[in-house]
Amino acid sequence: GGGGGSTATDLLGAVKERGYILVSSDLNYEPQSFPKTDGSRPSDTACPADALTSEEIQGFDVDVALAIGEALGVETCFVTPDWDLITAGSWADKWDISVGSMTVTTARQQALDFSVPYYYTPAVVAVAADSGITSLSELSGQAICAGTATTYEFWLNNDMEGLGLPEASVYSSAPEGITVVPLSTDQECAQAIEAGRTDFIAYVTSETVVDANIAAGIPVVKLDGAVYSEDLAAAFDKSSSLPTDTLRAAVDEAITAMHNDGTLSELSNKWFGMDITQAPNQ
Amino acid sequence: MPVSPIVKISNLDKFFGRLHVLKNISLEVPERQVICLIGRSGSGKSTLLRCINFLEEPSRGKIEVDGIQVDAEGKGKEQRKLIHDVRLKTGMVFQEFNLFPHMSVLENVIEGPVTVKGMDRKHAIELAEQNLDSVGMLFKKDEYPLRLSGGQKQRVAIARALTMEPRVMLFDEPTSALDPELIGEVLNVMKKVATEGMTMIVVTHEMGFARDVADRVIVMSDGELIEDANPDELFSNPKDPRTQALIDRYRSGEQ
Amino acid sequence: MPVSPIVKISNLDKFFGRLHVLKNISLEVPERQVICLIGRSGSGKSTLLRCINFLEEPSRGKIEVDGIQVDAEGKGKEQRKLIHDVRLKTGMVFQEFNLFPHMSVLENVIEGPVTVKGMDRKHAIELAEQNLDSVGMLFKKDEYPLRLSGGQKQRVAIARALTMEPRVMLFDEPTSALDPELIGEVLNVMKKVATEGMTMIVVTHEMGFARDVADRVIVMSDGELIEDANPDELFSNPKDPRTQALIDRYRSGEQ
Amino acid sequence: MASITNEGQMPASQAELLYQAQLRKERVFRMHVGISWGVLFLILIFLFSGQHIEFGGFTFKTINVDSEFIFKNITFIAGGLGQTLLISVLSILFAIVMALFAALGRLSKFPPIYALSTFYVSLIRGTPLYLQIFFFFLALPQLGIVLSGIVSGVLALGLNYGAYMSETFRAGLSSVGKGQREAAMALGMTPGQTMMRIVLPQALRFAIPPMGNDFISMTKDSALVSATGFVHELMWRATKVGRAQFNSLEALIMAAMFYWVMTLILTYFQSKLEARLSKGDR
Amino acid sequence: MASITNEGQMPASQAELLYQAQLRKERVFRMHVGISWGVLFLILIFLFSGQHIEFGGFTFKTINVDSEFIFKNITFIAGGLGQTLLISVLSILFAIVMALFAALGRLSKFPPIYALSTFYVSLIRGTPLYLQIFFFFLALPQLGIVLSGIVSGVLALGLNYGAYMSETFRAGLSSVGKGQREAAMALGMTPGQTMMRIVLPQALRFAIPPMGNDFISMTKDSALVSATGFVHELMWRATKVGRAQFNSLEALIMAAMFYWVMTLILTYFQSKLEARLSKGDR
Ligand SMILES: Nc1ncnc2c1ncn2[C@@H]1O[C@H](COP(=O)(O)OP(=O)(O)OP(=O)(O)O)[C@@H](O)[C@H]1O
Ligand SMILES: Nc1ncnc2c1ncn2[C@@H]1O[C@H](COP(=O)(O)OP(=O)(O)OP(=O)(O)O)[C@@H](O)[C@H]1O
Ligand SMILES: [Mg+2]
Ligand SMILES: [Mg+2]
């Protein structure tokens, strides 16, 4: 973990003093962040022994985190706690920042502070290819899957407060009379359909994930039209023992610069094959 | 009028691994005879007794009990049937009593007739009570074995074996696990069974019992029967020096 | 010239819960005397023996061993010290041998002197070998207890107790767990210890031993000492009818 | 044997006094243990009381839990007790059946049966429970066997505990002395009768205390079944409200309290049962 | 006692023949068991071979695993073996210490010690392991005690297993007969000497087999520690590559294979050890 014996009075100072920033990331998603299975730890890294280096993981989020580190002038190191430990806040100073495609919601803002968004993804509904369903309304009364504690689950439950998005980014509401099936992650939803389970015939997740699912041969199709759009940003712990505002300002500055100089668009094209770093309907 | 023997052991061998424990043993026991088997520890007394009802599988030889002949080298279903029949003809009493701890005294005694012979429960109880009475244990019929003294347990074990109405009773050191003062009550019951005409083969260290009750005393040594005589003869005038040594040992223990 | 007794028990009472097991017992044992304690099962023999070295805490009364006086009702650190001293003066041999199974014969025997008395290991081994030799077990000194016969185990247990150089030896049915033919060897060792002048208190069912070796035989019944006489007198002419009954029982077991 | 005091030299009242003193000593010990438990429990509560204590220049903080959250959500979490118990009971029953077969198979002289039983135990004990649940839920459908979430959970848990429990049963079977079998055989019982009427009843009695322990840990492992999405037991509910309201610690503590109380109750009954069995006819 | 055959009536060669026949029977049994294991293993592999079998109008599919994925990622997953073993070994060592204290505390006549030991065992056995890890990682820092991921994991696992193991030790201690203690006391040993030199050595020997089992399940439970994000053991690696590449089943099977092999090796050593102990001086 970080901290300990430092003289810095804010998190930015502490990060600079120790020479690396500790980023938490969720390695369950390709192409956002996932293991580099043939990578190995470089010998000259400043990262703590129990953290991962940029050589051991990869993805869009990872590249963004690396760019942030570069802008701060420090090495970027990664830790991989369970996703709900990240979203719940109270990190106990174990890591400095989350760069993990986290959706900005009002509920999360009680526990976390967010940077400016670094990209935007539409949430879409994927249905089993053999179901013949082509529109949202046909899903009424069906069972639909989502990852536990994701914005997708809130949306399915019609919990707008939990979802906590500005009204303008929510395009449609969930179908009537559905049964929500929460699995550990949305990847389990996809794999359940692939395995031939019939407990549900659809799941909700980000368009990038569905595209990756389809590319991997999972027999699903996207329903036309996003159901809402998410702002994805870096997050900071409100209960951090050192103030985070200076770090947040520095990160905002770095992300804005990357938006402006096209770095983000380039990374997006590299990992997603399209540019999703421009805010929708604005 | 020579009667055919009720137990006949012919050329019996028993190996444990490479250990030759019974060596070509032959023995005939006429009906109603009481035989005491004595010998040093490890001489093979228990093994011989246990071969009679196939608790130990003999390696070769023949066992005949009340006309049922079993060859040690027989196999398969038929052999199992023969062994089962032999077991129905023999009752066994162990050193460690081996009462079933989860059953009351009465349940212990009717277990055999009801489960094995399919006897009507009522009839079994009648028979059981009769036998419990004759060993003086009827008053404890609803007690569990845990609550009985060693001597009482052994008397119930005898009643349990008797209730199967065996033709031969086998006893393997029935009093060795008992406190000295409880030995008497079990020996008395055994005496009673003997006088009622049961054929009995008794492995024992109780020289007094052998002298008083046995018709024959057989001495085993290293897997062989080395002497076979009536008790008076044997104790006063043993032929084999090993028998002499054995008797001396018992004497020194007693004194 | 009257010597003061080496063991003196005064007005000893022992309760287990509400059960009054020893009732106001007083007893003096002069040095070099061999006492046999006999009595029916449950009469309190073991409890009395175990009270002497405080394996059982007496409820009230006094124990004195070789000048160390302990009051049953004493408390605290001082009491613990006294009990420890008494235990150093007494050696005990149990029915179940209680050798330490994780130590070799020699280690068993030197454990006490080395750990308790802090004796130099070399010296302890010398002493141990001497005692093992005198019980005829030196040839097994590197064996583990598992590999010994019951008689051999008990002889080692005696050597273990002797190596602590106690003033009094306590035996609680030392031969009851043995096969009849192994009893002799242990009794012979005990005889030897007795003739070498050790004070001994022996709970036993071995009437032969009592007759041959004991200076006094004491009979217990229901927690009381009911008779105390030399063996010839006691066996030929018991005063108490309960003693008579006890002797008869043993006779009937023997015959 | 030795009779009640009044025939000894010591008057009955004194014997009674000694006996009462002994009883009192035991009572005092139990009371002091109870008091110590109380103190330890208070310390535990204090640790979670969110105190700030200062003396001298030294400040000491204890852990802060949100008691309002606890009161608001306790009934929701408690609603999972029923499912937890249901799954645990069903699974343990199934486990007992499996364990019995495995333990008996282990005694078989027929090699395939022996092999099947050892293979089962080895495979199950050698692999994680999580994988087994996953297998029943996501892999079995590929064989055309589609089981509902709760059924696959109970099957997986039962198979898993059955493998471990079979060792308990084996110990139970071998705790029944050879003499018991021999006595039964000498009476002419078949091996089957010997097993059913003599050996098993005694072995089961021996196996009951460890089975109690298994049941106690089953209550906690049953939480894994909620990964299949259709089971909403204690832990699932706790995680869910905890995540949604960023009070994971509070939610988990609540769940833990329920588990603990359940364990205490079960332990109490277990010790009653054990006492009865050991007092009984053994 | 009874000596070798040649003095009996039966010639030595025949005795030898009988003996050899017995040995052969045992060998044949072992061989058949081995063959049956092989067949069962083949069936297991067949189940995962992705076959489509048709006979008559009936088609039968087996589970399809992506063998290319397996070959590509096997070294990555195997890379977690070291961490798994490290955590397991450290935790089990710590557990042994805790178990010993708890078991001895249970024998204490001093009420607070007795209460502490029973309270510890009850609290830990009554609550889920996951919560305990969570507590050490994220709640303890609020008390000012900051532990690294691996240390909090090892502490939590060790405390948890220690509580369960203390029951094993207790059984071990009570398996040492009263006679042993009495013999030691009669020699004048203090209670401490009796415990250290006579009782403990025998109790430990008794406790070794169940401790082996604990170690085997510890290898699997150690996976929970990866929730803290700083530990990247076998299961963590399997879940991450599995999810990221939609091959959870394959990844989990790989992890399971490693666990199974590990278990088989450990079981082998355990049985060797047990055989040595039981052959030894017991
Ligand atoms: N199951 C067995 N496996 C191997 N050897 C055995 C077995 N049972 C007995 N033996 C050996 O066979 C020999 C004879 O044993 P047996 O029990 O028949 O003797 P015994 O005369 O009854 O002795 P005791 O008086 O001690 O009961 C001994 O050497 C014994 O060690
Ligand atoms: N630890 C104990 N707790 C309760 N009662 C006991 C205990 N030990 C012995 N007793 C009882 O005290 C009485 C005397 O027992 P003790 O063992 O001293 O008799 P004993 O004369 O040695 O008998 P035995 O010849 O059977 O060894 C018996 O009634 C016995 O049940
Ligand atoms: Mg025998
Ligand atoms: Mg006694």
Side-chain angles (χ1 to χ4, degrees), chain D residues 28-37 39-41 44 47-48 50 60-64 109 111-116 118-119 122-123 125-131 134-135 138-140 142-144 164 167 213 216-217 220 223 235 248-249 252-253 255-257 259-264 267, chain E residues 28-37 39-41 44 47-48 50 60-64 109 111-116 118-119 122-123 125-131 134-135 138-140 142-144 164 167 213 216-217 220 223 235 248-249 252-253 255-257 259-264 267:
Chain D
V28 167
F29 181 79
R30 275 200 304 275
M31 202 182 68
H32 282 177
V33 169
I35 294 173
S36 307
W37 259 69
V39 170
L40 288 167
F41 197 72
L44 196 65
L47 276 185
F48 288 96
F60 178 74
K61 280 195 315 178
T62 67
I63 299 165
N64 192 8
K109 282 180 187 135
I113 299 287
Y114 178 90
L116 190 64
T118 51
F119 189 81
S122 174
L123 177 64
R125 300 210 325 161
T127 55
L129 174 56
Y130 176 75
L131 166 76
F134 188 93
F135 174 82
L138 284 185
L140 225 47
Q142 292 195 39
L143 292 177
Y164 284 91
E167 299 287 299
N213 289 336
I216 287 171
S217 44
K220 271 143 264 157
M235 197 70 174
S248 288
L249 183 64
L252 286 175
I253 289 173
M257 283 294 151
Y259 281 122
W260 194 10
V261 170
M262 217 150 62
T263 301
L264 288 175
T267 309
Chain E
V28 166
F29 181 79
R30 274 201 305 274
M31 204 182 66
H32 282 177
V33 169
I35 293 173
S36 307
W37 258 69
V39 170
L40 288 168
F41 198 72
L44 196 65
L47 275 185
F48 288 96
F60 178 73
K61 279 195 316 175
T62 66
I63 299 164
N64 191 9
K109 282 181 185 133
I113 299 287
Y114 178 90
L116 191 62
T118 50
F119 189 82
S122 174
L123 176 64
R125 299 210 325 160
T127 54
L129 174 55
Y130 179 76
L131 167 75
F134 187 94
F135 174 82
L138 288 183
L140 224 45
Q142 292 195 39
L143 293 177
Y164 284 91
E167 299 287 300
N213 289 337
I216 287 171
S217 45
K220 272 142 262 157
M235 198 69 175
S248 287
L249 184 61
L252 286 176
I253 288 173
M257 283 293 151
Y259 281 122
W260 196 9
V261 169
M262 218 151 59
T263 301
L264 287 176
T267 310

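Below, read A as the first sequence line, B as the second, and so on, with proteins coming before strands; counting in each chain starts at 1.
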[X], part contacting chain E, at a heavy-atom distance under 4.5 Å:
X        : answer
D:Leu138 : neither
D:Tyr130 : side chain
D:Met235 : side chain

So which part of [X] gets closer than 4.5 Å to some heavy atom of chain D, the side chain, the backbone, both or neither?
X        : answer
E:Phe134 : side chain
E:Leu264 : side chain
E:Ile113 : neither
E:Asn213 : side chain

Inset, instruction - With sequence neighbours left out, write down each residue that passes side chain to side chain donor-acceptor pair (under 3.5 Å) with D:Thr267, or none if nothing qualifies. - result: none
Just how far is it from atom [atom1] of [X] to atom [atom2] of [Y], taken to the nearest 0.5 Å?
X        : Y        : atom1 : atom2 : value
D:Leu44  : E:Leu123 : CG    : CG    : 6.0 Å
E:Leu131 : D:Tyr259 : CG    : OH    : 10.5 Å
E:Ser36  : D:Phe119 : OG    : CZ    : 11.0 Å

Determine the option with the most heavy-atom pairs under 4.5 angstrom with chain E, choosing from [options].
options                              : value
D:Leu47, D:Ile216, D:Thr263, D:Val33 : D:Val33
D:Pro112, D:Ala256, D:Pro128         : D:Pro128
D:Val28, D:Leu249, D:Val261          : D:Leu249

Legend entry - Exceeds 12 heavy-atom contacts within 6.0 angstrom, atom CZ of E:Phe41: no
Inset, instruction - Compare every heavy atom of E:Pro111 with every heavy atom of D:Phe29, then report the nearest pair and how far apart it is. - result: CD1-CG, 4.0 Å
Any idea which of [options] has the most non-hydrogen atom pairs under 4.5 angstrom with chain D?
options                               : result
E:Ser217, E:Gly34, E:Ser248, E:Ala255 : E:Ser248
E:Lys109, E:Met31, E:Met262           : E:Lys109
E:Ile253, E:Thr62, E:Thr118           : E:Thr118

Legend entry - Aromatic ring pairing D:Phe48/E:Phe135, orientation class (parallel under 30°, perpendicular over 60°, tilted between): tilted
Inset, instruction - Examine distances only and state if a side-chain atom of E:Lys220 and a backbone atom of D:Arg125 form a donor-acceptor pair shorter than 3.5 Å. - result: yes
